[in-house]
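I have placed the structure first, in the form of structure tokens, so that the comments after it can refer back to it.
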There are 2 protein chains.
Amino acid sequence: MNIGAASKASGLPTKTVRYYADIGLVEAPSRTGAGYRSYDESAVRKLAFVRRAREFGFSIDECRGLLALYEDSNRSSADVKRIAEARLEEIERKQRELQCLHDELEHLVAACAGDGRPDCPIIDRLA
Amino acid sequence: MNIGAASKASGLPTKTVRYYADIGLVEAPSRTGAGYRSYDESAVRKLAFVRRAREFGFSIDECRGLLALYEDSNRSSADVKRIAEARLEEIERKQRELQCLHDELEHLVAACAGDGRPDCPIIDRLA
DNA sequence: CTTGACATTCCAGTAAGTGGAAGGATTAGT
DNA sequence: ACTAATCCTTCCACTTACTGGAATGTCAAG
């Protein structure tokens, strides 16, 4: 499987597949005589695994850890859970932060006349 | 006012103050004989304005626009409101996205035994 | 007069890719 | 067999918004 086919099968752009090989995340198992990267089913599964983990917001480094656990049939689910819990806390922290921003900004937007006059509570709040 | 004093007064690190000058966001009004940047009250107000706008999550480019409006005594509050509304929608989009992630991840974390066995619904979901 | 705190510039790195150029390989169609 | 289109390769630059550090210059105090 050339990189284009692996890209389609995994759902990642070829650029990203190549990038993941560059940083040693998911390497192509071999190269053809012409130097083309050659992906097999197992590599494609790993690429798709990483894609899904990234969609969950796991960092590349976390993906590295998850991938190692994915490949380790003797893993402890506790190890996976720890990573996921850390990510969950991060999400919750970000949610609280966004909620504060949202509420204050919504308040300001509501208070702003939005007409041709220069008076603006949004600017006032920033000044 | 040297950059250190302007930094303290505005609440931005000196590195950032220098960076904002480099990208033409908030330039120091003048330089001393030795080449030190010299900030006045007005420049410090702009720096602090940008700091607060950044805390609201406005991008540097949005800050550029807000700063121009801040300085324009003939501004229309409608122009400010447009920028703020765009930011608000962005926040709401991100909130929805995070909520989805949160719910699914929380579900998975709850379903994971977190013990020494390898069976793990989190890994299963990513595989 | 020296020490310490400040200032300067420039280079490099961060996260996670994306875009593009220059050039080689393969495949389809004629 | 030739050619065009598509695919692949590497390498370099760019993105966001800074941050860290090195080498060097300046200023105020004791």
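In what follows, chains are A, B, ... by sequence order, proteins preceding strands, each numbered from 1.
Taken to the nearest 0.5 Å, the OG atom of B/Ser77 stands 8.0 Å off from the CD1 atom of A/Ile122.
Applying a 4.0 Å cut-off to non-hydrogen atoms, the residues of residues 27-39 of chain A that approach DNA chain C are A/Ala34, A/Tyr36, listed by residue number.
Residue B/Tyr20 places at least one side-chain N or O closer than 4.0 Å to OP1 or OP2 of D/dC18. Look at A/Thr16 and you'll find a side-chain N or O under 4.0 angstrom from OP1 or OP2 of C/dT18. The phosphate of D/dC18 has OP1 or OP2 within less than 4.0 Å of a side-chain N or O from B/Arg54.
A salt bridge between B/Arg87 and B/Glu90 is present, with a side-chain N of the basic residue lying under 4.0 Å from a carboxylate O of the acidic one. Ionic pairing of A/Arg51 and A/Glu55 is present here: one or more N-O contacts between side-chain nitrogen and carboxylate oxygen are shorter than 4.0 angstrom. Residues A/Arg37 and A/Glu27 are not paired through a salt bridge, judged by the lack of any N-O separation under 4.0 Å between the basic side chain and the carboxylate. Taking a cutoff of 4.0 Å between a charged side-chain nitrogen and a carboxylate oxygen, B/Arg93 and B/Glu97 qualify as a salt bridge.
In terms of heavy-atom proximity, B/Leu69 sits nearest to B/Arg75 at O-NH1, 3.0 Å.
If B/Ile60 and A/Asp22 are placed on DNA chain D by their nearest nucleotide, the residue sitting closer to the 5' end is A/Asp22. Mapped onto DNA chain C by nearest heavy atom, B/Ala5 and A/Pro13 fall at different nucleotides, with B/Ala5 at the one closer to the 5' end.
Computed from coordinates, the A/Asp61 CG to C/dG17 P distance equals 12 Å when rounded to whole Å. Spacing between atom CG of A/Asn2 and atom P of D/dC7 amounts to 11 Å, rounded to whole angstrom units. If you measure from atom NZ of A/Lys15 to atom C1' of C/dA15, you get 17 Å, rounded to the nearest angstrom. Put simply, OH on A/Tyr19 is 17 Å from P on D/dT15, counting in whole angstrom units. As rounded to whole Å, 14 Å separates atom P of D/dA17 from atom CG of B/Leu12. Atom-to-atom, CZ of B/Phe58 to C1' of D/dA17 comes out at 17 Å; the value is rounded to the nearest Å. Between B/Ile23 atom CD1 and D/dT19 atom P the separation is 12 Å, expressed in whole Å. At whole-Å resolution of the value, NZ in B/Lys8 and C1' in C/dC6 are 10 Å apart.
Between the side chains of A/Gln95 and B/Gln99, at least one donor N or O sits under 3.5 Å from an acceptor N or O.
Note on A/Thr14: nothing from the nucleic acid sits closer than 4.0 angstrom, heavy atoms only. Across all strands, A/Arg18 comes closer than 4.0 Å to base atoms (heavy-atom distances).
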